[in-house]
Amino acid sequence: MITIPVASLNASYIFALEYYLMTEKKFTDPIFMIWSTKPTVMLGKYQDVSTEVDLTYIQNHDIQLVRRCSGGGTIYTDNGCCQFSLVQPTNKKIIDFSDGIHIIATALKETGFHITPDSRNDLIDDVGFKVSGNAQYLLNDYRLHHGSLLFDPDQVFMNNALRSDPVKLKAKGISSTRQRTGNLKRQQPTWSPSKFKKELNAAVLNNVPHKIYHLCSKDKERINDIAEQRFCSGNLLSSSEKLSFLKKRYIKGAGLVQLKFEVKENKLRHVRINGDFFSELDPQKFSNILDGTPFTPSAIHQIIEKALQPTPIVGITAGELVDLIFKKNCPHTRH
């Protein structure tokens, strides 16, 4: 295993580093990194900015906004949290959290924490609170798994920066995100976030042979270029668009899926798919392939099924997406 010391507190730089490792550096060994950020909101690949984030609050409090290449939900992170990345060479084109979850869960247990993986992709503490969320995507012949660990985040920032979708909260039987999340500091109250990160990193590397790779100036220059080109937050604020219908549902084991679309002249138009699910689906290609499809269940099902064959959505079928579009009692709005 290769480990890369990372001093940056800029999430867009880290995401660019991950992308650089999979597209240009192309190590043949797995790569593991532990890192943290300044106050940051990270959007999942398929999520809509306006429904997930209080933009006014994060702008007023200098909280960075960045979008991941992976699916999953929106999270808040800061220096009180700890992030990790696992880049693995693979020829299996599937979303699979098992290796990354095993590595981090084993390290946490060895440092004295009581945690349990849940049925999806989270880690739960000894009293049932979520303390880690994980996300993943595939690129070239690599799988990128990154996760967050809630040690001692700023709860005020986290609660005010994020908007909780009522459909998802209702499905989980809670009234706010805070009711479901905990922090690991409760189990090690004398530890600082920096000690937590140091102990966790040591536990991970103690279990596997490893070597350290230090980024050179040429690496850093290229990573900065990628961060500016692909992970700049400036374009995020104009990505939302008002459409005729909004329908959403929380599907157990898969996550929240939201569809925005118009119907013009009995044809489907301007489809936007958002949510915290996992997939390699390109949302713009998905929209393009559906644009102009006759507004009938059979026609739409045929197109969606074809689109999902090479890039399935974990836990969600074409039939469930069609049902979401046509089910009359689904939440929807007209503009």
Side-chain angles (χ1 to χ4, degrees), residues 42-48 51-52 68-75 86 88 90 92-105 115-125 127-138 143-150 162-177 179-182 246-260 272-283 286 301 304-305 307-327 329-331:
M42 301 179 186
L43 285 159
K45 177 179 179 179
Y46 300 100
Q47 293 193 291
D48 181 70
T51 60
E52 298 289 337
R68 305 187 306 270
C69 291
S70 55
T74 299
I75 64 170
L86 175 65
Q88 291 177 291
T90 182
K92 297 180 179 180
K93 302 298 182 181
I94 57 171
I95 300 293
D96 182 0
F97 290 95
S98 57
D99 288 347
I101 292 288
H102 175 74
I103 288 172
I104 209 69
I115 55 90
T116 306
D118 76 353
S119 58
R120 192 187 181 202
N121 59 298
D122 301 329
L123 294 179
I124 307 302
D125 70 8
V127 292
F129 290 116
K130 175 180 173 179
V131 293
S132 174
N134 296 271
Q136 193 171 114
Y137 74 96
L138 301 164
R143 178 185 295 118
L144 183 280
H145 178 150
H146 43 201
S148 63
L149 294 162
L150 298 175
L162 304 183
R163 290 177 172 172
S164 301
D165 192 289
V167 172
K168 188 171 181 178
L169 294 178
K170 182 178 180 181
K172 294 179 181 293
I174 56 177
S175 59
S176 69
T177 300
Q179 277 189 287
R180 186 171 177 250
T181 57
L246 169 61
K247 298 193 178 183
K248 53 189 169 183
R249 180 183 302 158
Y250 181 82
I251 298 176
K252 188 176 181 180
L256 183 73
V257 60
Q258 174 177 284
L259 289 168
K260 294 181 180 181
R272 297 290 183 270
I273 185 168
N274 304 107
D276 59 3
F277 50 83
F278 294 96
S279 177
E280 292 304 303
L281 183 72
D282 184 320
F286 184 76
H301 187 279
I304 292 179
E305 192 170 55
L308 294 186
Q309 282 177 355
T311 53
I313 300 174
V314 177
I316 302 175
T317 65
E320 286 172 319
L321 292 179
V322 173
D323 288 344
L324 182 57
I325 291 172
F326 287 94
K327 197 169 180 62
N329 63 353
C330 286

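Residues take their numbers from the sequence shown, with the count starting at 1.
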Between Lys130 and Asp125, does any side-chain N to carboxylate O distance fall below 4.0 Å?
no

When you measure from the side chain of Asn134 to the backbone N and O of Asp122, does any donor-acceptor pair fall under 3.5 Å?
no

Heavy-atom closest pair, residues Pro283 and Ile273:
CB-CG2, 4.3 Å

List the residues meeting ring-ring contact (aromatic ring centres under 6.0 Å, His included) with Phe286, not counting sequence neighbours, and say none if there are none.
none

Here the gap from Ile75 atom CD1 to Arg68 atom CZ, rounded to the nearest 0.5 Å, amounts to 5.5 Å

Heavy atoms of Arg143 and Lys92 approach each other most closely as NH2-O, 3.4 Å

Do Val257 and Ile251 come close enough that some side-chain heavy atom pair is under 4.5 Å?
yes

Just to verify, what does Asp118 make a side chain to side chain donor-acceptor pair (under 3.5 Å) with, not counting sequence neighbours?
none

Give the minimum heavy-atom separation between Ile115 and Ala105, together with the two atoms involved.
CD1-CB, 3.6 Å

Exercise: identify the closest heavy-atom pair between Asn121 and Ile101:
O-CD1, 4.1 Å

Which atoms form the tightest heavy-atom contact between Leu321 and Ile304, and what is the distance?
CD1-CG2, 3.8 Å

Approximate separation, where rounding is to 0.5 Å, of Asn274 CG and Leu259 CG
8.5 Å

For the pair Arg163 and Glu52, evaluate side-chain contact (heavy atoms from CB on, under 4.5 Å) and give the outcome as yes or no after the intermediate values.
CA-CA 5 Å; Arg163 290 177 172 172; Glu52 298 289 337; 5.7 Å; no

Find the distance between CG (Leu144) and SG (Cys69) and round it off to the nearest 0.5 Å.
8.0 Å

Go through the side-chain N and O atoms of Ser70 and Gln136 and say whether any donor and acceptor fall under 3.5 Å apart.
no

Is there side-chain contact between Phe277 and Leu256, with at least one heavy-atom pair below 4.5 Å?
no

Could you check Thr116 against Leu123 for side-chain contact (heavy atoms from CB on, under 4.5 Å), going step by step and ending with a plain yes or no?
CA-CA 6 Å; Thr116 306; Leu123 294 179; over 6 Å; no

Less than 4.5 Å apart, any side-chain heavy atom of Val131 and any of Ile124?
no

Smallest heavy-atom separation, Ser279 atom then Pro312 atom, equals OG-O, 2.8 Å

Using ring centroids (six-membered ring only for Trp), state whether Phe97 and Phe278 fall under 6.0 Å.
yes

When you measure from the side chain of Glu280 to the backbone of Tyr137, do you find a donor-acceptor pair of N or O atoms at a distance under 3.5 Å?
no

For Gly72, does its backbone N or O pair with a side-chain atom of Tyr46 as donor and acceptor, under 3.5 Å?
no

Looking just at side-chain N and O atoms, do Asp48 and Gln258 make a donor-acceptor pair shorter than 3.5 Å?
no

With Asp276, which residues qualify under side chain to side chain donor-acceptor pair (under 3.5 Å), at least two apart?
Lys168

Measure the shortest side-chain to side-chain distance between Lys260 and Lys247 over non-hydrogen atoms and say whether it is less than 4.5 angstrom.
no

Spatial distance of atom CG (Leu138) from atom OG1 (Thr90) [nearest 0.5 Å]:
7.5 Å

